[in-house]
Amino acid sequence: HEMVPRAGVPVSRYKPWPQRVDWFRVVVEARNGDTLSALSSDLGIPKSTLSMIITSDRNIVPLWSNAERLIQVWMQVTGRGFDELPRVRR
């Protein structure tokens, strides 16, 4: 039986890190119409980090601790689970 991530519990406790997460989509969907500044403040992640993720033509991967916080907010905002993280299409 596989555990499902929930708010406040580190994602890393559940399963191996998903391959090829589309971090651009995670940030945009986690914003939910808010500004990057608001998301940055909520997450405690520098706005410059979030800006790099959404303005780069490459799939920038955030630091592990930032990625976990970002995924937690994304799951709360979208109501989707860890297995439904957006993926980069090959």
Side-chain angles (χ1 to χ4, degrees):
H1 180 260
E2 188 173 296
M3 296 173 68
V4 177
R6 59 188 187 283
V9 178
V11 172
S12 59
R13 287 195 44 212
Y14 293 98
K15 60 173 68 181
W17 197 252
Q19 296 298 312
R20 310 275 302 158
V21 171
D22 185 342
W23 291 106
F24 171 84
R25 283 187 47 212
V26 171
V27 169
V28 170
E29 291 175 7
R31 280 178 52 195
N32 197 30
D34 283 341
T35 64
L36 275 185
S37 294
L39 182 60
S40 169
S41 178
D42 290 347
L43 292 170
I45 295 174
K47 181 181 171 188
S48 59
T49 299
L50 298 175
S51 293
M52 279 192 304
I53 292 170
I54 66 168
T55 60
S56 177
D57 59 348
R58 295 175 289 139
N59 190 37
I60 302 281
V61 178
L63 295 174
W64 183 269
S65 58
N66 292 342
E68 284 197 322
R69 288 194 302 268
L70 186 53
I71 289 171
Q72 288 293 335
V73 168
W74 177 86
M75 289 190 308
Q76 289 173 349
V77 167
T78 64
R80 292 185 285 187
F82 185 77
D83 289 332
E84 299 172 280
L85 279 166
R87 305 300 169 109
V88 173
R89 295 183 186 183
R90 295 178 185 221

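Quick caveat, the model's predicted, so the values are computed rather than measured.
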Which distance, rounded to the nearest 0.5 Å, do you find between the [atom1] of [X] and the [atom2] of [Y]?
{"X": "Trp23", "Y": "Ile71", "atom1": "CH2", "atom2": "CD1", "answer": "3.5 Å"}
{"X": "Ser37", "Y": "Asp42", "atom1": "OG", "atom2": "CG", "answer": "10.5 Å"}
{"X": "Arg25", "Y": "Ile53", "atom1": "CZ", "atom2": "CD1", "answer": "14.5 Å"}
{"X": "Leu50", "Y": "Arg31", "atom1": "CG", "atom2": "CZ", "answer": "9.5 Å"}
{"X": "Glu29", "Y": "Leu70", "atom1": "CD", "atom2": "CG", "answer": "10.5 Å"}

Step-by-step side-chain contact (heavy atoms from CB on, under 4.5 Å) determination, Leu39 to Val73: CA-CA 9 Å; Leu39 182 60; Val73 168; 4.1 Å; yes
In terms of hydrophobic clusters joined by side-chain contacts under 4.5 Å, are Met52 and Val26 together?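 Different clusters: Met52 never reaches Val26 through Ile, Leu, Val, Met, Phe, Trp or Tyr contacts under 4.5 Å.
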Between Leu43 and Asn66, is a side-chain contact (heavy atoms from CB on, under 4.5 Å) present by the stated rule, with each step listed? CA-CA 8 Å; Leu43 292 170; Asn66 292 342; over 6 Å; no
Quick one: does any side-chain atom of Ser40 pair with a main-chain N or O of Leu36 as donor and acceptor, under 3.5 Å? no
Between the side chain of Glu84 and the main-chain N/O of Gly81, is any donor-acceptor distance below 3.5 Å?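 It does hold such a pair.
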Criterion side-chain contact (heavy atoms from CB on, under 4.5 Å) on Arg80 and Trp74, from CA distance to verdict: CA-CA 8 Å; Arg80 292 185 285 187; Trp74 177 86; 3.4 Å; yes
Can you name the nearest heavy-atom pair linking Asp34 to Ala38, along with the distance? CB-CB, 4.1 Å
